[in-house]
Amino acid sequence: MSGDVTSIGSGTESLAGRQVALIDLLDRLLNGGAVLTGDLVLSVADVDLVHINLRAVIRSITSDEPAPW
Amino acid sequence: MSTEAPAAAAGISYVYAVGRAGTGLDTMSGPVPGLDGGVLRTVRAAGLDALVSSVSARTFSTEGMKAQMEDLKRLEEIARTHHLVVEAAYACSTVLPMRLATVYLDDTRVTEMLHQRGADFCGLLARLEDHVELGVKVYADLRQPAEAETADAVSTPAPVSPGRAYLQKRRAQRRSTQDVYRAAGALAAEVPGRVAALARDRVAHRPQQGELATAEGENIANDAYLVPAARAGEFRAALDGLAEDVPGVRIEITGPWAPYSFATPPAEAGGGRSER
């Protein structure tokens, strides 16, 4: 996986067109972003997303504590 | 003749981001594709533009999403497309990124949502204006250089010259695990103070673990900072060299990102900030 990880001291890059590490992306897209009440996938958009098999793979997103479900 | 029920065949509205009306979000339909090749459009209400594309109601229903989330490749596809749209929008103007899979039945519902949440959105947009998010990760790296080489050659550009990196790693091996973790913890604790004058806000994400955490070493801090876009270089410079003389400890900075980690409307129930 190619990352956008830059070493310290490199300059500012443009926002567009970088391939970012998936794990950094999921940190933001599953933990961050405005949480709204959508009409569908309401629970999926929130923490229940990691309720599924992927939770081992994307453990960074899940709780360290025992699962609440 | 289609076997699908009309409701399932119809498109529903996937919302990527919300920005102020008239800031150019409506010009993005050409260059940037939405999910599954859908064409981006804007839905305007309450002085705001929501960046939207139509997606299959069946694929993005609650059940459909759950099925998709079982498939890491598909999750990656959705996440990357979402991100590219948000990134392109953020290059255009300040927008509020939506969490992955924010879906409405149609554009009318999106309009209603904009009316309901308009005041919150405007407040958040004002707060995020001209800011970017930068990620700061601190690693404790106890692994052998040879092992690290095989992990993933392209993931991390060497922060220092190869010879120096090698010597640093050799020195790291001689230290006890405990020393390295202690040093990494101390360094992670030092970061907020170093950037206090540059960062407007900070959110601690959970340290990265699991199969996707392919970077060398163990991630012990994974923070996001809200930084004025014009000062991103200063922010990097402020952390420059911080880990240089600390064997086995490494800092990585990611971004600039659209401010995903700072986009939570405060009034939404259950939408509390993720500071932990």
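Letters go in sequence order (proteins before strands), and every chain restarts at 1. Values below: every heavy atom of this structure, side chains too, minus hydrogens, waters and symmetry copies.
- Annotation: side chain of A:Leu29 is not in contact with side chain of B:Ile78 (no heavy-atom distance under 4.5 Å).
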Worked check of side-chain contact (heavy atoms from CB on, under 4.5 Å) between A:Leu25 and B:His82 = CA-CA 10 Å; A:Leu25 192 51; B:His82 183 106; over 6 Å; no
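- A distance of 8.0 Å separates CG in B:Asn222 from CD1 in A:Ile23, rounded to the nearest 0.5 Å.
- Considering all non-hydrogen atoms of both residues, B:Ser261 and A:Arg28 come closest at OG-CG, 4.0 Å.
- Atoms CG and CG, from B:Leu75 and A:Leu26 in turn, are 5.0 Å apart once rounded to the nearest 0.5 Å.
- Looking at every heavy atom in both residues, A:Gly32 comes nearest to B:Arg99 through O-NE, 3.2 Å.
- Only the side chain of B:Met113 has a heavy atom closer than 4.5 Å to any heavy atom of chain A.
- Annotation: the span from B:Tyr260 atom OH to A:Asp24 atom CG amounts to 12.0 Å, rounded to 0.5 Å.
- Of the atoms belonging to B:Gln116, not a single heavy atom falls under 4.5 Å from chain A.
- Looking at B:Arg206 and A:Asp27, no side-chain N of the basic residue comes within less than 4.0 Å of a carboxylate O on the acidic one, giving no salt bridge.
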